[in-house]
Amino acid sequence: MTVVTRFAPSPTGHLHIGGARTAAFCWLFARHFGGKFLLRIEDTDLERSRQEYTDSILASMIWLGLECEGEPLYQTKRFDVYNEYIDRLLASGNAYWCECSPEKVEAMREKARAEGGKPRYDGCCRQKGLGAGPGRVVRLAAPATGRVVFEDMVKGHVAFDVAELDDMVLRRSDGAPTYNLAVVVDDITMNVTHVMRGDDHVNNTPKQILLYEALDAAQPKFAHVPMILGPDRQKLSKRHGAKAVIEYEEDGLLPEALVNYLVRLGWSHGDQEIFTMEELVQFFDGTSLNSSAAAFDPEKLLWINAQHLRALSAEALLPRVKPFLERIEAPCADDALALRVIPLFQPRTSTLVELAEAMKGLLLPAAEVAYDAAAVAKSLTPEGREHVRVLKERFAGLASFDKDAVHHALHSYVEDNGLKFKAVAPALRVALLGSGGGPDLAEAMAAIGQEVSVARLEKALSL
RNA sequence: GUCCCCAUCGUCUAGCUGGCCCAGGACAACGCCCUUUCACGGCGUCGACAGGGGUUCAAAUCCCCUUGGGGACGCCA
């Protein structure tokens with residue numbers, strides 16, 4: 001039997017990190033077992049569903065590298081299928097028409113709540129033998145007693161008393177199917193073998209199992225992954241602080257790093273922290289999932305991202321930083337130059353945004369270098385300027401300008417004059433880079449080249 | 001209120017078929033080293049088995065209770 005998983009977002013917002021993690025788990029699980037990963041758009045809430053959100057979710061999935069098999073399935077296009085299944089339930093006596101108004105049902109619930117019980121519909125239309133009619137809904141004729149039991153892949157043994165469940169609505173008065181009905185029908189018809197979803201759905205599971213039973217259909221395996229909580233340990237949701245995946249994209253995060261971080265939240269493989277997508281596929285088999293909720297830690301995400309950023313080759317990184325360079329008006333005209341500059345900042349930055357900003361400082365022509373006033377005042381002293389002046393001449397006269405050549409020129413100047421390297425480095429650094437921090441001087445000069453290096457020093461001397 | 005789930009350092013976690021754990025790794029914090037700066041890196045410090053009962057020769061690991069946290073109770077998904 002081939003494994004089939006599915007991710008089923010509702011297009012009422014952008015894809016947020018909780019959903020992204022669930023999607024990643026589903027995708028990984030299917031990949032690991034050589035199965036299929038399907039996508040289903042749960043857009044039956046006509047009020048809140050929007051096409052733009054569907055587009056956004058799809059785009060985020062692609063960005064994350066979690067591509068699904070075939071075309072996504074839209075629930076709104078499947079009302080015929082749902083009605084067919086509802087008719088079957090009606091015919092088999094597992095469902096019935098109900099004429100109770102929402103107000104009446106709400107009153108029942110209030111009453112039950114007041115009496116300290118579980119709010120539920122009392123099933124008063126069950127024996128009425130009603131047929132279809134305006135304002136009427138179809139409800140499941142749930143068994144009155146017994147227990148619903150299932151083995152969850154992460155929670156283990158879970159049991160519910162059916163007395164806790166009520167006769168849920170299957171078909172709304174407007175003819176649209178309800179969530180639980182649609183999910184079950186879809187999972188059956190899509191041949192889903194493993195339902196992996198958020199913890200917040202465990203309570204729906206017994207209701208859905210009742211439907212599988214009423215439909216006499218085989219049940220999938222369930223895996224309820226714990227929620228992601230905010231740094232404050234409060235629930236993270238679309239309406240409460242959950243950042244959308246696209247925001248991370250804009251922040252310069254690497255998709256593989258986001259997936260790495262998200263998956264590690266609630267899953268582990270020994271002490272390993274950094275995983276490539278390939279490793280994730282190799283190791284993720286649905287076990288080692290944690291059963292408790294995890295708090296989102298932005299700092300660790302950043303660290304993971306930095307690790308992935310450093311692991312990439314300059315060639316691989318170049319096309320990925322380019323959009324960020326353009327965004328800060330430092331478009332890269334010289335790929336070879338950019339390729340030499342990237343490695344200088346890989347150990348010094350943790351996002352593409354930071355990388356682009358750092359690169360900008362070296363990509364600029366001499367005339368546009370921005371000097372940090374405090375650093376200039378501190379290091380470009382008369383004495384410092386003198387060092388820069390002489391050094392500039394020496395650099396200009398170099399036949400070769402690779403890192404070693406520059407390094408030797410620099411150090412021979414220091415030795416020739418009986419100086420300490422520390423005495424000349426700060427001035428040269430500010431003159432060259434405009435500020436007090438940054439990469440190795442010889443490396444930086446070799447990267448931007450002799451002409452620009454000399455021009456930069458000259459510019460600094462004119463300050 | 002009722003039901004379901006969960007409970008190891010501030011955070012993510014290893015460990016949970018009991019002894020190798022007076023609990024390991026990672027992020028963060030702090031310190032030292034490396035060093036032309038800023039980083040990277042290396043080394044180290046701080047820091048947890050929620051509490052109480054059992055079971056056992058032995059419990060972070062098994063059972064119960066308490067407490068705490070989360071989720072769900074819709075003609076939302």
Side-chain angles (χ1 to χ4, degrees), chain A residues 8-12 42-45 47-49 75 98 100-102 105-106 109 112-121 135-139 152 154-156 158-161 163-166 168-174 176-180 182-183 198-206 224 226-227 229 231 233-235 261 264-274 288 290-304 306 310 344-350 358 375 379 410 414 420-430 433 435-442:
Chain A
S10 63
T12 54
E42 308 215 324
D43 53 356
T44 53
D45 182 346
E47 296 280 301
R48 299 191 297 145
S49 296
Q75 291 191 321
C98 166
C100 297
S101 67
V105 176
E106 187 43 44
R109 294 207 168 92
R113 221 187 298 260
E115 289 166 358
K118 187 101 176 169
R120 56 198 300 268
Y121 169 69
R136 290 182 183 170
V137 300
V138 174
R139 287 180 182 275
D152 192 273
V154 352
K155 307 278 181 197
V158 183
F160 283 84
D161 197 322
E164 292 298 323
L165 281 17
D166 66 357
M168 64 177 155
V169 172
L170 267 18
R171 182 189 199 270
R172 295 190 256 248
S173 53
D174 65 1
T178 55
Y179 168 73
N180 283 117
V183 165
D199 223 348
D200 48 344
H201 286 290
V202 280
N203 296 274
N204 285 322
T205 308
H224 289 97
M227 319 243 68
L229 271 22
R233 296 206 68 86
Q234 290 304 299
K235 187 190 180 186
Y261 176 72
R264 263 296 274 114
L265 226 47
W267 174 81
S268 59
H269 181 71
D271 285 335
Q272 189 170 344
E273 299 283 354
I274 306 301
S288 298
N290 224 120
S291 49
S292 55
F296 185 82
D297 181 2
E299 296 202 57
K300 186 151 185 180
L301 205 210
L302 232 36
W303 178 79
I304 299 247
R310 279 159 210 161
L344 301 186
F345 294 111
Q346 274 177 291
R348 275 168 254 267
T349 53
S350 44
S379 304
L410 199 44
V414 170
K420 290 263 190 198
F421 190 59
K422 284 182 182 178
V424 334
L428 180 59
R429 174 171 295 285
V430 173
L433 305 173
S435 64
D440 176 84
L441 291 169

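What you are looking at is a predicted structure, and each value in this text was computed from that prediction instead of being measured. In the text below, chain A, chain B and the rest are named by the order of the sequence lines, each starting its count at 1. In what follows, every heavy atom counts, from backbone to side chain, and hydrogens, waters and symmetry copies are set aside.
- With its glycosidic angle more than 90° from 0, C6(B) is assigned anti.
- At A77(B), one or more side-chain N or O atoms of R172(A) fall inside 4.0 Å of OP1 or OP2 (strictly under the cut-off).
- Rounding to the nearest 0.5 angstrom, the gap separating the SG atom in C98(A) from the CZ atom in R171(A) is 13.0 Å.
- Here T44(A) lies in heavy-atom contact (under 4.0 Å) with sugar-phosphate atoms only.
- Across the protein-nucleic acid pair, H224(A) atom NE2 and G70(B) atom C1' stand 15 Å apart, rounded to whole Å.
- A sub-4.0 Å separation between OP1 or OP2 of A77(B) and a side-chain N or O of T178(A) is absent.
- Taking the centre and axis of the six-membered ring of Y121(A), the NZ or CZ atom of R139(A) falls inside the cone set by 45° and 6.0 Å.
- Atom C1' of C40(B) sits at a distance of 43 Å from the matching atom of A59(B), rounded to the whole Å.
- Toward the 5′ end of RNA chain B lies the nearest nucleotide of E164(A), the other residue of the pair E164(A) and L301(A) mapping further downstream.
- Between L265(A) atom CG and M227(A) atom CE the span is 11.5 Å, to the nearest 0.5 Å.
- Across all strands, R120(A) comes closer than 4.0 Å to no nucleic acid atom at all (heavy-atom distances).
- Taking atom CG on D297(A) and atom C1' on G10(B), their separation rounds to 9 Å, with Å as the unit.
- For N290(A) and U8(B), the CG to C1' distance is 11 Å, given to the nearest whole Å.
- RNA chain B is contacted by both D161(A) and S173(A); D161(A) maps to the nucleotide lying nearer its 5′ end (nearest heavy atom per residue).
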Protein proximity profile, nucleotides 39-44 of chain B - base contact B, sugar-phosphate-only contact S, no contact -, cut-off 4.0 Å on heavy atoms: BS----
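- Of the nucleotides present, A29(B) is the one that pairs with U45(B) by Watson-Crick or G-U wobble criteria, both distances under 3.5 Å.
- Rounded to whole Å, atom C1' of G74(B) lies 14 Å from atom CG of D174(A).
- Side-chain contact of S288(A) with H269(A): a donor-acceptor pair under 3.5 Å is absent, judged by distance alone.
- N180(A) has its CG atom 12 Å from the C1' atom of C75(B), to the nearest Å.
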Salt bridge (charged side-chain N to carboxylate O under 4.0 Å, His left out) assessment of D166(A) paired with K118(A): CA-CA 9 Å; D166(A) 66 357; K118(A) 187 101 176 169; over 6 Å; no
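- Rounded to a whole Å, the NZ atom of K155(A) is 6 Å from the P atom of C6(B).
- As judged by a 4.0 angstrom heavy-atom cut-off over every strand, A8(A) is placed among residues making no nucleic acid contact.
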Might you list the N or O atoms of the protein lying below 3.5 Å from N or O atoms in nucleotides 45-47 of chain B, with each pair's distance?
none

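- Contact annotation for H201(A): base contact, defined as any heavy-atom pair under 4.0 Å involving a base atom.
- Considering CD1 of I274(A) and OH of Y261(A), their distance stands at 12.0 Å, rounded to 0.5 Å.
- Side chains of D152(A) and H224(A): a donor on one and an acceptor on the other come within 3.5 Å.
- Distance I274(A) CD1 to C12(B) P: 17 Å, rounded to the nearest Å.
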Listed pairs, N/O of protein and of nucleotides 18-25 of chain B, under 3.5 Å:
residue	atom	partner	partner atom	Å
G24(B)	N2	D271(A)	OD1	2.9
G25(B)	N2	E273(A)	OE2	2.9

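- Per the geometry, CG belonging to N204(A) stands 15 Å off P belonging to C5(B), to the nearest Å.
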